[in-house]
Amino acid sequence: MSTGMTSKKVQAGTTEARWIRYSLIGLALTFMFLFLVLPLAAVFTEALRKGLDAYLEALQEPDAWSAIRLTLITAAIAVPMNLVFGVAAAWAIAKYEFKGKSVLTTLVDLPFSVSPVVAGLIYVLMFGAQGWFGPWLQAHDIKIIFAVPGIILATVFVTFPFIARELIPLMQAQGNDEEQAAIVLGATGWQTFWYVTLPNIKWGLIYGVILCNARAMGEFGAVSVVSGHIRGQTNTMPLHVEILYNEYQSVAAFAVASLLALLALVTLVIKSVIEWQHDKDMKASADTPPERPLASTPDALA
Amino acid sequence: MKKLTRIALAATLALSGLAASAQTLLNASYDVAREFYKDYNAAFVANYKKTTGKDIKIDQAHGGSSAQARAVNDGLDADVVTMNTTTDVDFLASTGVVAKDWNKRFAHNAAPTTSTMLFLTRNGNPKGIKDWDDLVKPGIKVIVVNPKTGGNGRMAYLAAWGFVKKKGGSDADAADFVGKLYKNVPVLAKGGRDATTIFLQRNIGDVLVTFESEVVSVDNEFGAGKVDAVHPSISIVAENPVAVVERTVAKKGTAALAKAYLDYLYSDEAQEIAAKHALRPRNPAILKKYASTFKPIQLFTVNEVFGSFADAQKVHFNDGGQFDKIYTVK
Amino acid sequence: MTSLPIAAPAKRRTPAKVLPGFNLTLGFTIFYLSLIVLIPLSALLFKTFTLTWDQFVTAVTGPRVMASYRLTFGASLIAALVNVFFGLLVAWVLVRYDFFGKKIVDALVDLPFALPTAVAGISLTALLAGNGWVGQYLEPMGIVLAFNPNGVVIALIFIGLPFVVRTVQPVLEDTEKELEEAATCLGATRWQTFSKVIFPSVAPALLTGFAMAFARAIGEYGSVIFIAGNMPMISEITPLIIIGKLEQYDYAGATAVALVMLVVSFVLLLVINALQTWQRRRSGAPA
């Protein structure tokens, strides 16, 4: 076969006919529009119903600011904790075979299916005044529930599986080969992880962190149970949204809600920047000539 | 996390050191009371400074009444609770968090304000809804709060039941009436705010049964004239009980301050603030002064018809009770 | 084989422990899992034990509770299945094609997570109610999507979508074009290439995404409660039953129902995960 014909056939084989492509894109976009764009538009419409001034005013309230601060602190602590766990769990589950792997994976998934109210409830049952550690905590005047530590705990629980479950299928699909090669070539475990595995799972990791972060900032039910709702102290942004809504301040409520949506979009912008930077690096390294091409020539030839 | 606990501990200690100079009171209250307590707290702080010369700070924690009660029970360090349902304070009494005789510690059953249930209809009352009887007519759609999830809903149910009993009907008549009423309910709202949203923004239903105090909020948010407030012939007294949380004040030493805070709710200034927020004051003079908001209406108490709130809760709202029977017994 | 020592190393060199760090990572995983998840969840167990067996049975098998199980698990299943189909579609479109506004669409996928569940619920209700942007066209046609089980399914589709998309996306990005090209050279049609080469490699990720979306949908409260209607026996979800019990201060009853939900979810997820492992092994993917 001539080169021209091969490449045309290969191209036809690796991508769909144009009409299929366009209808798939159209279908996906319609679905996204109905299920994602419209609700988002509804949030902004409600937020701006009384004009831009009311919108900005709602965001300048001191209670709103302490809520924003608390949300950011909570996410800043919960996400790294789950990141470390996620990587460790994914490594253990994806790179090895052992009995009970399915059970472990399912246990990691479990926090997803626990209703948020129950998620908060279990920490109350443990650390609340009537709970297991309640009397001890009261005696030492340590506040976990109805204070910031409890909120962080509940958030960690709810976002527990995100990063792990992002990485596991990815690492499973990638297999062991490259890591084994690295070990054979003399790398230590850490070096293997850092230089071989990490670059491979980069995108899964980034997606996982983004999801985890978005959920950590948006979590409502579990935090609602453990927070105590002390104004200006233990209200996160989602809780603040509920308060505003219940007080018939729906414009302010949706304003803060739109802020949450924007915060999530910001993390995605960051991801896009990283992506773009990565593409630039890739292109740059593809364009540079190989380093010291003659250095690999054995002495025998010299 | 351990570091954070230590920070929290240090902060608490620092704050309690500060407390010696400016005491802090935490008031655990129900959702819609925020505006009222914002005004009341300002008045109380000013008055306290005038009478004792001391500065104090008041923190508010608002949530669903039962959710807040559960939180206080589970360790939320509130100095006082100001609820909108009696059973919530009864629960705290049963676990020893508030005194067993809490409702004798302050006047009027320890309820400085009350509210009642009334109807909101569309502007002009097109369906001509005047009284409870009109709610069970075929084709009328009623919006109420789910009694399982909100005090507002429980009060509406008890008011409907009480209406039949006060007219001379038997328990069976009341059960029948209430059954018909809830068959006319297309959606059970999660809470008071949710019910209003369903009625006014989703435009579902012909009549909304809710607290009298919600009407002011409705007018503020949606504009006056959108709804007509209809007072039925008879309705129920919904007390707003208050109590000191003994467990907390013992630890913090704020017993005197807490009592003063709750006592002041009965003062003229506070009762006037309450009236402005559509909460029925106990003070008869102020009640008369705001007669346009608080139209005269025949009222019955929970105890009159049901013996006690705890009994009503057990018979009607607990699982397997009367309310459940409406749906599970065909 | 002779008794040469060569045989012995061959038996020891199982792929399981070639890579270092097994004990460390597994140990840490189990430690963290126990601390954050298992021990707190056991509090559910212990609280429920304060009930007698009869009380337990009454609490978890009442007619309203049973109706709520049907709704919760049924709607979650339907929503997760819809998300599998559309999630794969969206992931495919995002990875394989270029079109105007792709980056924005990519960003939007995470929206259901960022929005507090209550806000999502209120917005969806506003859209689908009789006077909403969408509802006003559908209701005259007799399609009612709010305040009934249909609304529940829609809300659950909304909150489950990111799971499938974000789980499949990295795997799709990772698939090698060479395999597809080889298949084409060997004479496969596009559909055959898709179904026999590409799909098996994303199927495990798809199953994972399905499991996650399903699990999440079961426990969901905030986004569903506004659109559900909450009519006992018809449109009441199980989390609402749990809240109802807490409102009566029946902690033990609430934990009993929560425990039932937990056990059923655990079993369902276990089955899905085991299925995924079996499927991966069958398709010969590396361990």
Side-chain angles (χ1 to χ4, degrees), chain B residues 1 64-71 73-74 85 87-88 90-92 94-95 141 143-151 153-154 182-191 193-195 197-205 310 313-314 316-321 323-330, chain C residues 32 35-36 55 58-68 118 121-132 135-136 139 144 146-148 151 221-222 224-237 239-254 256-257:
Chain B
M1 195 179 63
S65 190
S66 314
Q68 289 293 80
R70 283 198 300 282
N73 181 47
D74 290 322
T85 316
T87 29
D88 294 330
D90 278 335
F91 168 67
L92 290 175
S94 74
T95 58
K141 299 245 165 288
I143 304 293
V144 282
V145 173
N146 192 341
K148 293 294 219 178
T149 58
R154 289 195 275 273
Y182 280 88
K183 291 282 190 286
N184 275 353
V185 174
V187 179
L188 280 171
K190 180 163 106 69
R193 173 61 164 110
D194 192 31
T197 306
I198 293 174
F199 185 67
L200 281 176
Q201 287 186 302
R202 305 284 89 79
N203 270 338
I204 296 183
Q313 174 74 29
K314 220 181 344 203
H316 293 277
F317 303 122
N318 280 354
D319 282 339
F323 178 72
D324 278 355
K325 289 213 186 85
I326 297 176
Y327 293 95
T328 56
V329 177
K330 291 291 166 198
Chain C
Y32 191 85
L35 201 65
I36 303 278
Q55 285 173 319
T58 322
V60 305
T61 56
R64 274 176 62 222
V65 186
M66 295 300 277
S68 77
I122 295 171
S123 309
L124 281 173
T125 315
L127 281 174
L128 296 170
N131 64 347
Q136 58 184 330
E139 237 163 74
V144 181
F147 306 121
N148 60 11
Y221 177 74
V224 178
I225 202 69
F226 292 96
I227 201 173
N230 307 321
M231 304 306 292
M233 304 300 286
I234 303 176
S235 49
E236 212 175 15
I237 53 173
L240 181 58
I241 301 268
I242 297 178
I243 301 266
K245 290 205 185 278
L246 284 176
E247 286 277 313
Q248 299 163 45
Y249 301 112
D250 183 9
Y251 282 83
V257 178

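Chain identifiers are assigned alphabetically (A, B, ...) following the order of the sequence lines, protein sequences preceding nucleic acid strands; residue numbering begins at 1 within each chain. Heavy atoms only: backbone and side chains are in, while hydrogens, waters and symmetry mates are out. Nothing here was measured: the structure is a model prediction, and the numbers come from that model.
- Across every non-hydrogen atom of Y327(B) and M231(C), the tightest pair is OH-CE, 3.9 Å.
- With a 4.5 Å cut-off on non-hydrogen atoms, A126(C) touches chain B through its backbone and its side chain both.
- Residues K148(B) and K245(C) have side chains not in contact (no heavy-atom distance under 4.5 Å, counting atoms from C-beta outward).
- In this structure, chain C has a heavy atom under 4.5 Å from the side chain of D194(B), while its backbone stays farther away.
- Here the straight-line distance linking atom OH of Y221(C) with atom NZ of K190(B) works out to 4.5 Å at 0.5 Å rounding.
- Side chains of F317(B) and E247(C) form no contact here, defined as non-hydrogen atoms less than 4.5 Å apart.
- The closest donor-acceptor contact from the side chain of N131(C) to the backbone of Q201(B) lies under 3.5 Å.
- Between atom OG1 of residue T125(C) and atom CD1 of residue I198(B) there is a gap of 8.0 Å, rounded to the nearest 0.5 Å.
- In terms of non-hydrogen atom pairs under 4.5 Å with chain C, the most contact-rich of S65(B), S94(B), P186(B), A189(B) is P186(B).
- Contact count versus chain C (heavy atoms, under 4.5 Å) is highest, among D319(B), N73(B), T87(B), T149(B), for D319(B).
- With R64(C) contributing its side chain and D324(B) its backbone, the two residues share no donor-acceptor pair below 3.5 Å.
- Looking at T58(C), neither its backbone nor its side chain comes within 4.5 Å of chain B, counting heavy atoms on both sides.
- Using a 4.5 Å heavy-atom cutoff, the side chains of Q313(B) and Q248(C) are in contact.
- Taking 4.5 Å as the limit, every side-chain heavy atom of Y249(C) sits out of range of all side-chain heavy atoms of T95(B).
- Proximity to chain C (any heavy atom under 4.5 Å) is restricted, for D74(B), to the side chain, taken from C-beta onward.
- Looking at L246(C), both its backbone and its side chain come within 4.5 Å of chain B, counting heavy atoms on both sides.
- Looking at D88(B), both its backbone and its side chain come within 4.5 Å of chain C, counting heavy atoms on both sides.
- When each of G229(C), A129(C), P232(C), A67(C) is scored by its heavy-atom pairs under 4.5 Å with chain B, the top score falls to P232(C).
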